[in-house]
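What you see below is based on every heavy atom in this structure, not just the backbone, and it leaves out hydrogens, waters and symmetry mates.
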Amino acid sequence: MGILWIIMIGFVAGIVARLLSAGPNRPAGFLLTTALGIAGAFLATFIGQAVGWYRLDQGAGFIGAIVGAVLVLFIWNRVAASRAP
C-alpha cells in the first residue's frame, strides 16, 4: 500500500508542478508525470536533509515534493533548451 501512496502523491505533485512551471511542460504522460513528482520528492528530501530541515528518517512532504518537482522540471527544461537546434 505504501508504494501506491508514493505513486499517487508523485502523480499529483507532478501535475501541480507542471501547472506551476512556465515553459513547454515536457515530459508528458502519466508515467513521466509520476516520475517527475517522485524525483521531485527525492530531490526535496535530499536537499532538506543536507540543509538540516529533515532528519535522516524523514522525507519531504507534499509541498516539498511539489517544490522539488518544479526544480526537476526547471532543470529538465534548461537541458532540453541547450539541446535545441
Side-chain angles (χ1 to χ4, degrees):
M1 195 63 177
I3 297 294
L4 289 175
W5 185 250
I6 290 170
I7 291 171
M8 288 181 0
I9 294 297
F11 181 67
V12 173
I15 287 175
V16 172
R18 287 180 58 195
L19 291 174
L20 292 176
S21 176
N25 283 330
R26 290 189 179 105
F30 173 76
L31 292 177
L32 291 178
T33 301
T34 304
L36 171 70
I38 292 172
F42 281 123
L43 179 68
T45 299
F46 176 75
I47 291 172
Q49 288 176 352
V51 173
W53 294 338
Y54 305 120
R55 293 188 317 256
L56 291 178
D57 61 340
Q58 289 181 319
F62 182 67
I63 304 286
I66 292 172
V67 172
V70 169
L71 285 172
V72 169
L73 195 55
F74 175 77
I75 292 168
W76 178 282
N77 287 335
R78 291 295 116 210
V79 169
S82 68
R83 290 185 174 184

Next item on the list: Check Gly64 against Ala44 and note the closest heavy-atom contact, atom names and distance.
Entry: O-CB, 3.0 Å

Next item on the list: Determine whether more than 12 heavy atoms belonging to other residues, nucleotides or ligands lie under 6.0 Å from atom CZ of Phe11.
Entry: yes

Notebook entry, point to check: Does Val51 belong to the same Ile/Leu/Val/Met/Phe/Trp/Tyr cluster as Leu43, with side-chain heavy atoms less than 4.5 Å apart forming each link?
Noted result: yes

Notebook entry, point to check: Going from CD1 on Ile38 to CD1 on Ile9, what distance comes out if it is rounded to the nearest 0.5 angstrom?
Noted result: 10.5 Å

Notebook entry, point to check: According to a 4.5 Å side-chain heavy-atom criterion applied to Ile, Leu, Val, Met, Phe, Trp and Tyr, with indirect links allowed, do Leu31 and Ile15 form part of one hydrophobic cluster?
Noted result: yes

Check: Should Ile66 and Met8 be regarded as members of a common hydrophobic cluster, given that ILVMFWY residues are connected when their side-chain heavy atoms come within less than 4.5 Å of each other, either directly or indirectly?
Finding: yes

Notebook entry, point to check: Can you tell me how far CG of Leu71 sits from CH2 of Trp76, rounded to the nearest 0.5 angstrom?
Noted result: 15.5 Å

Margin query: Keeping Gln49 on the side-chain end and Arg55 on the backbone end, is there a donor-acceptor pair under 3.5 Å?
Written below: yes

Margin query: Testing the basics here: between Leu36 and Leu73, what is the closest heavy-atom pair and its distance to 0.1 Å?
Written below: CD1-N, 3.9 Å

Notebook entry, point to check: Shared ILVMFWY cluster between Trp53 and Phe46, side chains joined below 4.5 angstrom?
Noted result: yes

Item checked: Validation row: Phe62, Val12 side chains within 4.5 angstrom (heavy atoms) -> yes

Next item on the list: Write down the atom of Gly37, the atom of Ala69, and the distance for their closest heavy-atom approach.
Entry: CA-CB, 4.2 Å

